[in-house]
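Everything below concerns the one structure shown next.
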Amino acid sequence: MGLSLAMKILKNHLIKGDLKKGSEIAIKIDQTLTQDSTGTMAYLQLEAMDIEDVSTENSVAYIDHNILQAGFENADDHEFIKSAAAKFGVKFSKAGAGICHQVNLEQFAKPGDTLLGSDSHTPTGGGMGELAIGAGGLEVAVAMAKGFYFLKVPKIYRVNLTNSLNPGANAKDVILYILGKLTVKGGTGYIMEYTGPGVKSLSVTDRATICNMGAELGATTSIFPSDENTKTYLKSQGREEDYIEISADPDAFYDETIEVDLGKIKPAVAKPHFPDQYSEVTRLGKIKLDQVAIGSCTNSSYVDLMKVAAILDGKKVHPDVSLVISPGSATILEKISENGALATMIKAGARILESGCGPCIGMGQAPKSGGVSLRSFNRNFKGRSGTADANVYLASPETCAASAVLGYIADPSEIEYEENFEKEVNFDHTDAYFIEPETDLSKRIKETIKGKNIKTFPRAEKAADIDKKVIYKAGDGITTDDICPSNAHLLPFRSNIEYLSNFAFTTKIDDFKNRCEENGGGIIVSGENYGQGSSREHAALIPLHLGIKAVVAKSFARIHRSNLINNAILPLVFESEADFEKISEFDHINISKMENSIQTGEFILEDLTKDIKIKLLGDFSDREKEILLEGGYLNYAKNLDLEDK
Ligand code: MIC
Ligand code: SF4
C-alpha cells in the first residue's frame, strides 16, 4: 500500500524512530517561524540553550500580534526579539510586514518542506503542500537550536473533495462545514489530508484558509498536494523555482475518510462561542450586527480582499455597523492601494487597520457590551474579542462584506456584485520590512537587548509525589484563552508570567491565583479537550508559576499537552471518565509513587476527602518520561544530540 502525502514528507524528514502510527519520531525541521506574543519566551529559552547560530535552513521572527503600542511594553518585546534574531541568525520581519502565516505563505513556504511555528495556525502552510506544524515556543526554540522536532506519528484523515464551489461560497465555508461535522476535537491525533478532483478548483490561498482552521479541529496539521495552482501562486510571488510536485501515492492508506461535495457548500457561520457551531446563513434569521471585522491569518489574502472590495463597490457600510479591515500583508496592502480596491473600501466607509492580527486577538476593536460581531477570523471563544459578553460569529469575507452593508448576517447572494478583477496578479515584494541576519558569525551582536518589560521565565522542577488540593474543577472545552486570557491589556505582558498569573481563568472564576497562593498550589481537574486553541506556553507557565503540579482531564488538546509536559506538569486522563464526577473542588488529594507511575503510565489518585481511589493514565513516550523526571524540556534538550542527525 502506498503513502499519503503527509507520510511521504515525514519519511523524507525522519531522523529517529519508526514511522509507525502512535510511535514517537524525530523529524528534521527545515524552517521555523515565531511571532512576538510567543516569541519573547521562545527567544529567552533559545538564549538559555547557549547556541551561536540556528540549525534550520530558514527561521523568521515576525512581529504581528502585539502591534498596538499603548506603552513601552510591546516596543521592549520587539527590541528584544530583534536583538535575539540578530544574535542567533534569524530573519526579522518588522511590524507592518503582515501576519506571520500570510507572509510565510507568500515568501517562504515550499512544497515538501517542514515548518515548525510557535503559533497554532502554522498549518496555514499546508495550502502550499508544506508539512507545517504549530507548537509551543520552547519546542520551536529547540528546533532552531538543534534542527529537529519530536512528534507521535499521527493517523491520517482523508478529506476527499469533489466538484467546485458555487459563487458566494468560500473556502471558509468548507472548513466551517467540516468543523460542524467533526467538532473542535474531531481532528485530534490526525493530519487532515485533502485529496480528490475538487482540489484543483481551489487556489493556494483557498487551501491555506482550510488548512489554517484545521487547528480548530485539533489536528496536528492539514495539507494539500502541490499542483499547477501551486506553481502559479509561487510564480506570482516571484519564486517559481521553489516549486516541486508532491502528492500522495494513488493507493495511499488513510485511517479515516470524509467526503465533501464542494458544490453543496453554502455560505455559513460558526455561532458563538466555538468554531464548530455551524449553521448555514439562511437558517439563522436576521441577526443584527454592531461590528464586522475582515482579516486575520484565515481570510486576508489578496483575492479575499478583492472580493470584499467587489461587494462594497458603490455601496455604503450600514449606519449601525463598524466595518474594520486588516490586510494580511504589506504586499497585499500595497497591491490593493495600487489598484484602487482600498479606495473602494474607504469610500464605502470601512476602517482600515495595519496589517497584523489586530482584533482577532483582542488588540483593539473590542465590540460594545453585549455587541454582535461578525468576523472572517478563526476563533470566537467567549471573551477573546476583548468584550466578555460580546457574541462573535465567524464567516467568510464575502458573507462579512455583504452583512456589513445590510446590517445583519446575510448570505452574499442577497447583494448584487460582480467579481470583475484579475485573480492572477504578480506581486513585487518590498524587502523594506525585513532585516537579514549577518552571515559572518564574528560580526553578530553578542548580547540581546532586554528592556524593563523582559522578565525571566519560571523554571520547571522534577515531577514528584503530590499531596495537594483540587484548586479548580472546570468543565469541558477549557481554552488557552481561559487559562491565559489575551487582549490589548494583557498581550503586552507576555514576557511577564507573574503579572499574567493574576488573570488566569478569570473568564471562569475570579480567584484562581488566590486559591493557588492560599493552598501552596495544587491540581486542576477538567473535562474534555483541555487547553484547546492557542499554542501559548504561557498557559503552562502560569500554572507552573502558581504551583500547579498536574492537570487531570477527560482529554487534552495536542499542543497544550506538550506544553504541560515540557514544563514538568503532569497531564493525566481518567481511566474511566465517570470518575470525573466523583472529585470535588478543594478535595485533598494524593498521588504517590510518582517515579514508578511515570514509568508505567498508571497513577492512583487518592481522594482523601472522599476516601476513594481513582485510576489515572499518562501515556508518555520514553522521551516525555525523561522530560518529566529531569524537570522540563529545557533541561532535557540542552545536551541532546541525535546520533544520526
Ligand atoms: C491565537 O490565535 O490564539 C494566537 C494568539 O495566535 C496564538 C498564539 C498566542 O497565544 O500568542 C496561537 O494561535 O497559537
Ligand atoms: Fe494572529 Fe488571529 Fe491568526 Fe492568531 S489566529 S495568528 S491572532 S490572526
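Order of listing sets the numbers, starting from 1, for every ligand and every atom in it. In this text, all values refer to a predicted model and were calculated from it rather than measured experimentally.
When the options Q102, H65, R375, M213 are ranked by their closest heavy atom to atom 6 (S) of ligand 2, first place goes to H65. Evaluated by nearest non-hydrogen atom to atom 11 (O) of ligand 1, the leading choice among C360, C297, S37 is S37. Ranked by closest heavy atom to atom 1 (C) of ligand 1, the top entry among M41, Q35, R379, M363 is R379.
K508 places a side-chain heavy atom less than 4.5 Å from the side chain of I478. Side-chain contact between H65 and D119 is present, with heavy atoms from C-beta onward closer than 4.5 Å. Under the 4.5 Å side-chain criterion, counting only non-hydrogen atoms from C-beta, D290 is not in contact with S322.
The proximity of N378 to ligand 2, defined as any non-hydrogen pair under 4.0 Å, is limited to the side chain. With a 4.0 Å cut-off on non-hydrogen atoms, H538 does not touch ligand 1 at all. At a heavy-atom cutoff of 4.0 Å, ligand 1 is contacted by no atom of H101, backbone or side chain. At a heavy-atom cutoff of 4.0 Å, ligand 1 is contacted by both the backbone and the side chain of D119. Only the side chain of D119 comes within 4.0 Å of ligand 2, counting heavy atoms alone; its backbone N, CA, C and O stay farther away. At a heavy-atom distance under 4.0 Å, no atom of R379 approaches ligand 2.
Note: Y472 and F512 have perpendicular aromatic rings, judged against thresholds of 30 and 60 degrees for the angle between ring planes. Ring pair F556/Y530 is perpendicular by interplanar angle, where above 60° counts as perpendicular and below 30° as parallel. Relative orientation of the F108 and F434 rings is perpendicular, given thresholds of 30° and 60° on the angle between their planes.
Atoms of ligand 1 found under 4.0 Å from any heavy atom of H65, numbered from 1 in the order shown, are 4 (C), 5 (C), 6 (O). Atom numbering of ligand 1 starts at 1 in the shown order; those under 4.0 Å from a heavy atom of R494 are 9 (C), 10 (O), 11 (O). Ligand-side atoms of ligand 2 in range of I361: 7 (S), range being under 4.0 angstrom from any heavy atom. Proximity to S535 (heavy-atom distance under 4.0 Å) selects the following atoms of ligand 1: 12 (C), 14 (O). Within the listing of ligand 1, atoms 5 (C) sit less than 4.0 angstrom from a heavy atom of I361. Taking a cut-off of under 4.0 Å to the non-hydrogen atoms of R384, the atoms of ligand 1 that pass are 1 (C), 2 (O), 3 (O).
Atom 10 (O) of ligand 1 has as its closest protein heavy atom R536 NE, 2.6 Å. Here the protein heavy atom with the shortest distance to atom 2 (Fe) of ligand 2 is C360 SG, 2.3 Å. In this structure, the protein non-hydrogen atom closest to atom 13 (O) of ligand 1 is S120 OG, 2.5 Å. Of all protein heavy atoms, the one lying nearest to atom 3 (Fe) of ligand 2 is C297 SG, 2.3 Å. Here the protein heavy atom with the shortest distance to atom 7 (C) of ligand 1 is S534 OG, 3.3 Å. Atom 1 (Fe) of ligand 2 has as its closest protein heavy atom C357 SG, 2.3 Å.
A donor-acceptor contact closer than 3.5 angstrom is absent between the side chains of T124 and N104. Between the side chains of E537 and N563, not a single donor N or O lies within less than 3.5 Å of an accepting N or O. K455 and N496 share no side-chain donor-acceptor pair at under 3.5 Å.
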Could you go step by step and tell me if T114 and Y149 meet the side chain to side chain contact (heavy atoms under 4.5 Å, CB included) rule?
CA-CA 10 Å; T114 51; Y149 172 63; over 6 Å; no
Could you walk me through whether D481 and R536 pass the salt bridge (charged side-chain N to carboxylate O under 4.0 Å, His left out) check?
CA-CA 9 Å; D481 279 286; R536 66 189 71 138; 3.1 Å; yes
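Other residues, nucleotides and ligands contribute more than 12 heavy atoms inside 6.0 Å of the NZ atom of K382.
At least one heavy atom of H101 lies less than 4.0 angstrom from ligand 2.
D304 pairs in a side chain to side chain donor-acceptor pair (under 3.5 Å) with only one of the listed residues (T298, T205, N299), which is N299.
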